[in-house]
Amino acid sequence: MIDLKVLRENPDLVRASQRARGEDVGLVDVVLAADERRRSLIVEFEGLRAEQNLLSKRVGSATPAERPNLLESAKDLANAVKRADAERGAAESALREASNALSNIVEAGVPEGSEENFVVLEHVGTPRDFAAEGFEPLDHVELGKVLGAIDTERGAKVSGARFYYLTGNGALLEFALINLAMAQAAEHGFIPVIPPVLVKSKAMEGTGFLGQAAENVFHLEEDDFYLVGTSEVPLAAYHMDEILDGAKLPLRYAGFSSCFRREAGAYGKDTRGIIRVHQFDKVEMFSYCPPDEAPAEHRRLLAWEKEFLNAIEVPYRVIDVAAGDLGSSAVRKFDCEAWIPTQNAYREVTSTSNCTEFQARRLNIRMRDSEGTKPLATLNGTLCAVPRIIVAILENHQQPDGSVNIPLALRPYLGGREKFLPVNA
RNA sequence: GGAGGACUCGCCUAGUGGCCGAUGGCGUCGGUCUUGAAAACCGAUAUUGGGAGACCAAUCGUGGGUUCGAAUCCCACGUCCUCCGCCA
């Protein structure tokens with residue numbers, strides 16, 4: 001939810017933001033009207049209520065003789081108060097609904113346009129020249145088979161499309177990646193967290209995933225639970241309804257969890273392999289910080305993402321995502337895209353978003369400092385989304401004999417091994 | 001699953017229909033005293049909304065209800081605790 005004060009004082013800013021996102025600009029006026037109506041109904045209700053409070057006090061101290069008359073008018077007033085209260089309540093929910101539909105106000109400098117209008121900020125590393133090395137690289141599905149690491153066929157047999165088993169080397173590689181990521185996070189002061197992956201609607205809604213992203217969320221009808229698509233959700237909701245001590249910010253958490261995504265609207269996209277799957281594990285960074293520090297914190301999260309990608313030694317580029325491709329909570333988003341040789345393309349492996357006070361307002365999370373209490377900023381960033389990182393490692397570090405070199409940083413977590421070797425079928 | 005009990009301001013707690021936005025203690029902050037600190041003493045110390053403001057309104061787990069008036073009475077739900085059963 002955006003700041004209604006900003007909306008009232010500078011509606012054009014919000015209109016421009018909606019336009020940049022390609023979202024409904026007219027919503028701004030709907031929200032303004034709802035806000036207007038709500039405030040006038042509050043004034044009406046409170047006036048009546050104050051009158052009633054006075055009258056009630058007089059009833060208490062009235063003599064038996066004057067009591068019946070007072071009670072008579074008090075009764076009328078009580079009805080009027082009840083009516084006004086109901087109208088006020090309705091106006092408040094109308095405003096909430098309308099303002100919840102508004103996306104966060106995009107940061108100045110975000111590229112205009114939609115998905116394809118991103119701006120490349122930098123390239124890190126150089127893709128290998130497999131032709132020069134004299135062999136044709138295998139894709140991660142084939143490598144996964146050769147190494148006994150990924151079993152997509154049995155994943156499909158047991159659970160359907162977009163499911164897979166990580167086996168042997170694949171499973172060990174996941175554990176190593178998680179350990180490396182958590183070690184890095186802890187070193188930088190993140191508190192490691194293993195959160196619940198089933199959450200109530202309040203958590204899902206407050207994080208902003210029940211709006212435009214709702215179709216990608218698994219919902220357990222019978223128990224009214226939602227399966228999280230990222231530990232961002234339970235990490236953001238962790239401090240729901242709390243006031244945090246400003247002196248202890250930024251507060252940083254690194255959450256490890258399974259993530260579940262319906263991938264609706266992705267029919268036919270990335271159907272091969274484990275680039276786009278319904279279930280995967282991920283280490284996610286999450287930060288609560290003062291609003292004025294949010295842009296700097298955003299850059300720090302990006303730097304930590306790069307640190308991890310540097311450690312696994314794959315070429316990647318960093319992009320500044322265009323306004324039309326931002327989530328509703330985010331004002332700006334940087335993605336890191338790893339080079340995938342067999343696709344001859346950079347593919348998203350991490351993503352970091354600055355959500356400013358948008359989520360905090362919805363989740364009722366505030367900070368207290370010398371200036372009082374106010375909403376704080378929340379930011380998130382991927383540290384390690386396991387399957388995509390596995391794809392990047394296997395494809396980029398493969399050797400002509402089908403083996404895969406293990407990046408130096410991962411070796412301590414794999415018993416010192418230097419490479420994954422093909423297994424006999 | 002069954003039976004009881006609890007839920008009040010950062011923490012603990014008083015409060016059974018109007019004198020209660022709410023007592024007291026702890027903690028925190030400010031002051032007096034002190035070379036400094038501690039102790040003692042004095043004072044301050046919830047949140048939200050409306051209003052330019054004096055102020056006004058709301059909030060005692062949540063939502064309903066009774067009443068002129070609810071922290072207080074009634075109903076439902078939630079959370080936690082204890083006991084019993086069941087499962088491991």
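Note on naming: letters A, B, ... go to the chains in the order of the sequence lines (proteins, then strands), and numbering restarts at 1 for each one.
- For the residue pair A:S114 and A:E116, a side-chain donor N or O sits within less than 3.5 Å of a side-chain acceptor on the partner.
- Here the P atom of nucleotide B:C68 and the CD atom of A:E72 are 10 Å apart, to the nearest Å.
- Within the 4.0 Å cut-off from OP1 or OP2 of B:U48, at least one side-chain nitrogen or oxygen of A:R366 is found.
- In this structure, A:V59 reaches the bases: a heavy-atom distance under 4.0 Å links it to at least one base atom across the strands shown.
- Taking atom P in both B:G31 and B:A37, the straight-line distance is 10 Å, to the nearest Å.
- Residue A:Q52 places none of its side-chain N or O atoms closer than 4.0 Å to OP1 or OP2 of B:C68.
- If you take CD of A:E51 and P of B:A58, they are 13 Å apart, rounded to a whole angstrom.
- For A:H188 and A:E307, the side-chain atoms include at least one donor-acceptor pair closer than 3.5 Å.
- You'll find the side chain of A:L55 reaches within 4.5 Å of the side chain of A:S73, heavy atoms only.
- No donor-acceptor contact under 3.5 Å links the side chain of A:E46 to the base of B:G51.
- Separating the C1' atom of B:G78 from that of B:G64 is a span of 14 Å, rounded to the nearest Å.
- Using a 4.0 Å heavy-atom distance criterion, A:L71 is classed as a base contact.
- Separation of the P atoms belonging to B:C11 and B:C7 is 15 Å when rounded to the nearest angstrom.
- Note on ring orientation: taking the six-membered ring where Trp is involved, the planes of A:H239 and A:Y253 are tilted (angle from 30° to 60°).
- With both ends at atom C1', the span from B:G24 to B:U79 equals 27 Å, rounded to whole Å.
- Using a 4.5 Å cut-off on side-chain heavy atoms (C-beta onward), A:V386 and A:K282 make no contact.
- Phosphate proximity of B:A58 to A:N53: present, with a side-chain N or O under 4.0 Å from OP1 or OP2.
- One side chain, A:R49 or A:Q52, offers a donor N or O that lies under 3.5 Å from an acceptor on the other.
- In this structure, a donor-acceptor pair under 3.5 Å is present between the side chains of A:S258 and A:D281.
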* Nucleotide-level pairing of RNA chain B, given in dot-bracket where Watson-Crick and G-U pairs need both distances under 3.5 Å and | marks other strands -> ((((((((.[[[..)..(.....]]]((((((.......))))))(((((....))))).[[[[[..)....]]]]])))))))....

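- Checking A:A78 against A:R88, the closest nucleotide of RNA chain B that is more toward the 5' end is the one next to A:R88.
- Atom CD in A:E9 sits roughly 12 Å away from atom P in B:A52 (whole-Å rounding).
- B:G21 and B:A70 have their P atoms separated by 11 Å, with the value rounded to a whole Å.
- Between the C1' atom of B:U62 and the NZ atom of A:K200 lies a distance of 11 Å, rounded to the nearest Å.
- Spacing of C1' atoms, B:U82 relative to B:U8, comes out at 22 Å, to the nearest Å.
- Across B:C68, B:G50, B:U47, the shortest atom-to-atom separation from the side chain of A:S56 is found for B:C68.
- Protein atom CD of A:E242 is 15 Å distant from nucleotide atom C1' of B:A46, rounded to whole Å.
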Listed pairs, N/O of protein and of nucleotides 65-67 of chain B, under 3.5 Å:
from: B:U66; atom 1: OP2; to: A:K82; atom 2: NZ; distance (Å): 3.4

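- Taking the C1' atom of each, B:A58 and B:U13 are spaced 24 Å apart, rounded to whole Å.
- When the C1' atom of B:A57 is taken as reference, atom CG of A:L77 falls 14 Å away, rounded to whole Å.
- Distances shown here put a side-chain N or O of A:R49 below 4.0 Å from the OP1 or OP2 atom of B:A58.
- Residue A:T373 places at least one side-chain N or O closer than 4.0 Å to OP1 or OP2 of B:U48.
- If you check the side chains of A:E23 and A:S103, you find a donor sitting under 3.5 Å from an acceptor.
- Atom CG in A:D76 sits roughly 12 Å away from atom P in B:G69 (whole-Å rounding).
- Within the structure, a side-chain polar atom (N or O) of A:R38 is placed less than 4.0 Å from OP1 or OP2 of B:G50.
- A 4.5 Å side-chain heavy-atom check between A:K202 and A:L363 finds every atom pair outside the cut-off.
- Checking A:Q359 against A:T207 by side-chain atom types alone, no donor-acceptor pair falls below 3.5 Å.
- Taking atom CE of residue A:M367 and atom P of nucleotide B:G10, one finds them 17 Å apart after rounding to whole Å.
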Validation: residues 288-296 of chain A side-chain donor-acceptor distances under 3.5 Å, sequence neighbours left out:
from: A:Y288; atom 1: OH; to: A:L235; atom 2: O; distance (Å): 2.4
from: A:Y288; atom 1: OH; to: A:A236; atom 2: O; distance (Å): 3.0

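- With C1' as the reference atom, B:G10 and B:C29 are 13 Å apart, rounded to whole Å.
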